[in-house]
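Below is one structure, written out as structure tokens; the observations come after it.
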Protein chains: 2
Amino acid sequence: MRPMSLPVGLPALADSDLVGQVARILTQAVVQGRLPPGSKVVEAGIARELGISRAPVREAARLLEKQGLLVARPRRGFFVRKLEIKNIDEIYDLRLCIERHASVLAARKLTTESRDALRRQIDVLHRTADLDDPARQVEEDYRFHRLIFEIADNRRLLRLFDDLAAELRMVIGLIGRLYDDPHEIARTHEPLLAAIEAGHPERITAHVDYHIGHAWREVGKLVRELAPPVSDAGVPPGLILDPANGVTV
Amino acid sequence: MRPMSLPVGLPALADSDLVGQVARILTQAVVQGRLPPGSKVVEAGIARELGISRAPVREAARLLEKQGLLVARPRRGFFVRKLEIKNIDEIYDLRLCIERHASVLAARKLTTESRDALRRQIDVLHRTADLDDPARQVEEDYRFHRLIFEIADNRRLLRLFDDLAAELRMVIGLIGRLYDDPHEIARTHEPLLAAIEAGHPERITAHVDYHIGHAWREVGKLVRELAPPVSDAGVPPGLILDPANGVTV
DNA sequence: TAATCGTCGATTGTCGACAGTTTAGTCTTG
DNA sequence: CAAGACTAAACTGTCGACAATCGACGATTA
């Protein structure tokens, strides 16, 4: 018998996915400030603007609720979550907690392949640093840390990390630029990897503490600077969504 | 497994919070084995049986998906999640990770009131031990550990714990009885509390490791015992579950 | 004979509508 | 002039309907 199915990996065409698209559009709207923190997300309004019914909007909102971008209040709808400093601190506190754990686990389960993957990702970080593309830099940084969780091989841990990262990226997106010197951030990953390779738990956690702690302080500082003067006042009327901006295919 | 509608009669309902009620009913159906692991949850079927429309059923399913009881596969519906040993291990691994952290935090933030609350809960555990009510015992045990997370004062950490506990309790509920000697389990909380009161991080984590590790091993043992691999057409290999026993989550 | 294709029933994704509840705004009333 | 009662508009929760899609099974082809 011969292997019949197409062996080649095709880009899983899942983009008749209305819900996913709506979720992306809403996320962008929030990140870009068109939907300010605390503002109400009116199902019918979004639906009308996108030319669809309320059902997929609702599902998308639920999805974003799970991701922590929106909060649902029964009988009164979805609201864009307000970012308080305490939230940031809680997120980073948890992140620190699980990343220590994941890093130690990863060290224990490290193979030559996974080690090389990490090294390669650090290279990518360095190369990205030249591009002056903060969003990309954040993305590749995320990739590195995600790799660690993948190597740790606990799906639940990985999912949790993804959830936290989604929230953090939103915050970072709002802030705009996170690092002053992109190369600096690339370089700081090296001792962390070294510690993981060495497999010494104390050194690993110490490096994780330093590494994550640094980001924590930076983000905290920036958020505090931006002094979220949450205006509970009404949302600017008119078009807040731009379908052309987010719709893929 | 043949995709068919829910066979068993479910209690009719009328009150408000339809979604919550449906979620509870579905949860019961799963726990009681009327919805075996891996079986399909047909929206229309449930809706018809409860005398409501598909919308609230859908929402309830999404809720249970978030809780991990169901899994959603796009375009083909919701399924009762199958329990794999690996899942249990992953849950406990994460639990251990965050409970260490929470316990250290709790020690740092301990007040006389919160300390007394913990002590009282240990008393409750002892009193409950006489009742020969395993479910209640598990519940009070959960309360104790939840207290620690409350004292740690990180809402996100607390929510995560609640999520994990919900899953674990379901497993434990299905197993039936977790502890041989209820007083034994009550007693093992005492050195943990002592360590927290002393505020020595190493001792705390050591006790948490012992305490949670014990539960981990017990649950793992029991699940392994009553979950021999079943080869059912359509069920992917590698899964450890026993539909006949109704072991799910 | 085995793999692939076509067909058909079952089921999800999406839609528009309606009723009850919440909210915003207006009108009393002390 | 402030506090409360009322009213109307806006919105969510829920419903029933329809088309697109999935899975199963039998037909078809090599």
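So you know, we letter chains A, B, ... as the sequences are listed, proteins then strands, and number each from 1.
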Please set out all donor-acceptor pairs under 3.5 angstrom arising from side-chain atoms of residues 62-75 of chain A, sequence neighbours excluded.
| unit_1 | atom_1 | unit_2 | atom_2 | d |
| --- | --- | --- | --- | --- |
| A/Arg62 | NE | B/Glu59 | OE1 | 3.1 |
| A/Arg62 | NH2 | B/Glu59 | OE1 | 2.8 |

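Across all strands shown, A/Val57 has no heavy atoms under 4.0 Å from either base or sugar-phosphate atoms. Residue contacts shown for A/Val22 are absent, as no nucleic acid heavy atom lies under 4.0 Å away.
Side-chain contact of B/Asp89 with B/Trp216: a donor-acceptor pair under 3.5 Å is present, judged by distance alone.
Atom CD1 in A/Ile46 sits roughly 17 Å away from atom P in D/dA10 (whole-Å rounding). Following rounding to the nearest Å, A/Phe78 (CZ) and D/dG13 (C1') show an atom-to-atom distance of 11 Å. Between the CD atom of B/Gln21 and the P atom of D/dG13 there is a distance of 15 Å, given to the nearest Å. Rounded to an integer number of Å, the gap from B/Leu50 CG to D/dT14 C1' is 14 Å. Following rounding to the nearest Å, B/Phe79 (CZ) and D/dC22 (P) show an atom-to-atom distance of 13 Å. As a whole-Å value, the separation of A/Glu43 CD from C/dC15 P is 13 Å. If you measure from atom CD of B/Glu59 to atom C1' of C/dT14, you get 14 Å, rounded to the nearest angstrom. Going from atom CZ of A/Arg48 over to atom P of C/dT14 covers 19 Å, rounded to whole Å.
For the side chain to side chain contact (heavy atoms under 4.5 Å, CB included) test, residues two or more places apart in sequence or in another chain that qualify with B/Thr128 are B/Val124, B/Arg136, B/Gln137, B/Glu140. Residues that satisfy the side chain to side chain contact (heavy atoms under 4.5 Å, CB included) test with A/Glu90, not counting sequence neighbours, are A/Lys86, A/Asn87, B/Asn154, B/Arg155, B/Arg156. Not counting sequence neighbours, the partners of B/Thr111 by the side chain to side chain donor-acceptor pair (under 3.5 Å) test are B/Ser114.
Dashed line: the shortest gap from a side-chain N or O of B/Lys40 to OP1 or OP2 of D/dG23 is not under 4.0 Å.
Residues A/Phe149 and A/Leu105 are not in side-chain contact: their nearest non-hydrogen atoms beyond the backbone lie 4.5 Å or more apart. Side chains of B/Phe78 and B/Lys40 form no contact here, defined as non-hydrogen atoms less than 4.5 Å apart.
If you check D/dT14, D/dT12, C/dT12 against the side chain of A/Val42, the one that comes closest is D/dT12.
Heavy-atom contacts from other residues, nucleotides or ligands closer than 6.0 Å to CZ of B/Arg146 number more than 12.
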**Message:** Each nucleotide in nucleotides 16-22 of chain C should get exactly one letter: B, S or -. Can you fill that in based on protein heavy atoms under 4.0 Å?
**Reply:** -B---SS
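Heavy-atom distances under 4.0 Å link DNA chain C to no residue of residues 63-73 of chain A.
B/Ala152 and B/Lys109 get closest at one heavy-atom pair: O-NZ, 3.3 Å.
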